[in-house]
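What follows is one structure encoded as structure tokens, with my remarks underneath.
Letters A, B, ... mirror the listed sequences (proteins, then strands); counts begin at 1.
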Amino acid sequence: MATSLSSVIQISFLDTKTTRTRFSIATPTLKSHRKFFTTCSKSTPDLPVSETTPPNNNIKNSSLSDQLAPLANSTLSTLPEDQPKLLPKPNPTWVNPTKVKRPMLSHQRQKRSSVFYNPQMREFQHFTQKLNNCDVSSEAEFMACLEEIPSSLTRENALLVLNSLKPWQKTHKFLNWIKNQNLLPMETIFYNVTMKSLRFGRQFGLIEELAHQMIDDGVELDNITYSTIINCAKKCNLFDKAEYWFERMYKTGLMPDEVTFSAILDVYAGLGKVEEVINLFERGRANGWKPDAITFSVLGKMFGEAGDYDGIRYVLQEMKSLGVQRNLVLYNTLFEAMGKVGKPGFARSLFEEMIDSGITPIARTLTAIIKIYGKARWSKDALDLWKRMKENGWPMDFILYNTLMNMCADVGLVREAETLFRDMKHSGQCKPDSWSYTAMLKIYGSEGDVDKSMKLFEEMTKFGIELNVMGCTCLIQCLGKAMEIDALVRVFDIYVEKGVKPDDKLCGCLLSVVSLSQGSKDQEKVLACLQRANPKLAAFIQLIADEQTSFETVKEEFKGIMSNAVVEVRKAFCNCLIDICRNKDLLERAHDLLYLGTLYGFYPTLYHKSQHEWCLDVRTLSVGAALTALEEWMTTLTKLVKREEALPDLFLAQTGTGAHKFAQGLNISFASHLRKLDAPFRQSEDKVGSFIATKNDIVSWVQSNSPSVSIAT
DNA sequence: ATAGGGTTAG
């Protein structure tokens, strides 16, 4: 769904009597294609809200989502689909003071109580140090140290100690000690400081326990308590807990301030509840809240994850109109979000805006940009940026080095990658890790450079660099293409011994080597590797090679194997299996497999028709699969001609030019197969990688030549 | 420094 900027941010007035401001964010990821999430601004005299939500004094007893649900439902249902987007502006009346506004969040950030440290501070610092030097696991040692407390404990000293104890176990013990000794009245701040320490240790269970203690003992939970609880839950992936405490806060009548509120938006964003986030955000906005850069960063990340480009633009637009300054983290977040939705041009211009505004990028910023350029194959921009990084002395870290090398792998820059790899080794700060080696293996693998690949592999073994499945796949691919099967088997064995679990991509790679090594004695060796990586797949090869196996059996097993494999490799598996069949001269089986692959949707763009032209697009097929598809097509056309059905004027078969890595040699093999079938297609002169035939060509070919095209059926 | 919120790689 293409969405224009004007539909991203709409302020429209639904009618002239009751002025409403409507902010709408189109979110293409949501089920309904044109669903607008609406909220109403300050002056909302007769919103449906009043009919469907409880009166103001009941708010304390309803959760926020309860309060918001009727609003969302009623406003959505009152908007007709064909509502004009922009109506002429009447004179808006912005404020209607007679109407009760239901606040969403407190505009004032919670004030901190001041803590004055006293002259005993040094003694207590010393005391804390001793506690910190205790063995964490020894309860007795810690308790003994506690006995040496310098003097009676004051509120300030207790806070000093709680703030400085590490790790969380000690903070927790100290809090319990204060409590049990009955030395001081227990204040919220003691719990808050302790919870902060527990949050570092991701101890949500203990945090929740403390919160319940507070409730039982009548200690007030404030915004700082709630935001700490919620953020800890979030860090521990306990989103339901985060939601629970947030709702509890509302139920007890405490308004979140902007910090707690943005934490909650982050929770809903993390849950993928985009609607809820937008609703909450807009409700807050309608109540006059001015979000800060951190909140916008939360929204930006969410839109990135949702693949919502318009949402990202909305963030920038909204910040601009509210006059909220962008900062480095916000930029980083937006660049990372843009990496998820593509958009290299937008990222580039925003990056320049950032530089112009005087913000210096950090390694993380540059990583995000380089990743975007690499993905988009923008090698020139990527290299320009690398040059600028060096000239300006912008900071590098190992992730940035690895990202740069990966970008080189994506766009085929061998020498640049080698330079980066060398730089990294000599930088003194970043040592190449398994990611760096994998990027280099990817490059040498796609170059087919066996010597350099093997040298890297030996280096990895020597330096004890972790071997991972992706590096293994690159090496196997490289060795397979070079038919270095003994080395391949050795490499495979070493990886498996080191605990690398073959994944579907590695199996696909082995499968393609099986098809390449047809007729050689080495095929058995590769099959043995495949047998260890994926026994079912290896067994399936035996099954289809046996001409006695029925179609029904093949279909069942095929279905089982494909549904166990990840989506990305299914077509590749099918292509390789067809190749294997054709290499064994099992044409009928090859056609069965192509049929099954089409049936399960692996080849959705293989055939397409328009009124004047029918196309066979084999660009992402292997050679064997492409030839099978061609035969299938010719058989179908023969039938149609014989039945004298309507045909288009033109027939087009596309193989591509071989730029695609699977399509190497496809064009040549396809042409030779056309000659073998004596099919009337010729290379198109103006469309490279295409073969064309007219209706007349096809009809006369069928008439003169039809028996020869019928395949064994 | 000293009770709370946002951003990393196949």
- Message: Between the base of B:dG5 and the side chain of A:Asp292, is one N or O donor paired with an acceptor at under 3.5 angstrom?
- Response: yes
- Message: Heavy atoms only, 4.0 Å cut-off, all strands: where does A:Thr295 land among base, sugar-phosphate and nothing?
- Response: base
- Message: Check this for me, if you would: do A:Lys375 and A:Asp410 make a salt bridge, where the nitrogen-to-carboxylate-oxygen distance has to be below 4.0 angstrom?
- Response: no
- Using a heavy-atom cut-off of under 4.0 Å over every strand shown, decide if A:Asn327 touches base, sugar-phosphate, or nothing. base
- Task: Indicate, with a heavy-atom threshold strictly under 4.0 Å, whether A:Val193 touches base, sugar-phosphate, or nothing.
- Result: sugar-phosphate
- Message: Under 4.0 Å, counting only non-hydrogen atoms across every strand here, what does A:Lys111 touch: a base, just sugar-phosphate, or nothing?
- Response: base
- Item | Sugar-phosphate only, base, or nothing, as touched by A:Arg109 at under 4.0 Å among non-hydrogen atoms | base
- Message: Determine whether the aromatic ring of A:Tyr226 stacks with the base of B:dG4, defined as ring centroids separated by less than 5.5 Å and ring planes inclined by less than 30°.
- Response: no
- Item | Distance-only donor-acceptor check, side chains A:Asp257 and A:Gln108, under 3.5 Å | no
- Task: Kindly say whether, by distance alone, the side chain of A:Asp257 makes a donor-acceptor pair under 3.5 Å with the base of B:dG4?
- Result: yes
N/O donor-acceptor pairs under 3.5 Å from side chains in residues 362-370 of chain A, not counting sequence neighbours:
unit_1	atom_1	unit_2	atom_2	d
A:Arg364	NE	A:Glu336	OE2	3.4
A:Thr365	OG1	A:Asn332	OD1	2.7
A:Thr365	OG1	A:Ile362	N	3.0
A:Thr365	OG1	A:Ile362	O	3.2
A:Thr367	OG1	A:Ala363	O	2.8

- Does the B:dT7 base have a donor-acceptor partner in the side chain of A:Asn332 within less than 3.5 Å? yes
- Item | Presence of donor-acceptor pair under 3.5 Å, side chain of A:Thr228 and base of B:dG4 | no
- Rounded off to whole Å, could you give me the CZ-to-P distance for the A:Phe124 and B:dA1 pair? 22 Å
- Base, sugar-phosphate, or nothing: which does A:Leu330 touch, judged by heavy atoms less than 4.0 Å apart? base
- Task: With heavy atoms under 4.0 Å as the rule, sort A:Asp266 into base, sugar-phosphate or nothing.
- Result: sugar-phosphate
- Message: What's A:Thr194 touching, base or sugar-phosphate or nothing? Going by heavy atoms closer than 4.0 Å.
- Response: nothing
- Message: Distance criterion of 3.5 Å, no angle test: do you see the side chain of A:Ser227 paired donor-to-acceptor with the base of B:dG5?
- Response: no
- Item | Heavy-atom side-chain contact between A:Tyr226 and A:Thr252 under 4.5 Å | yes
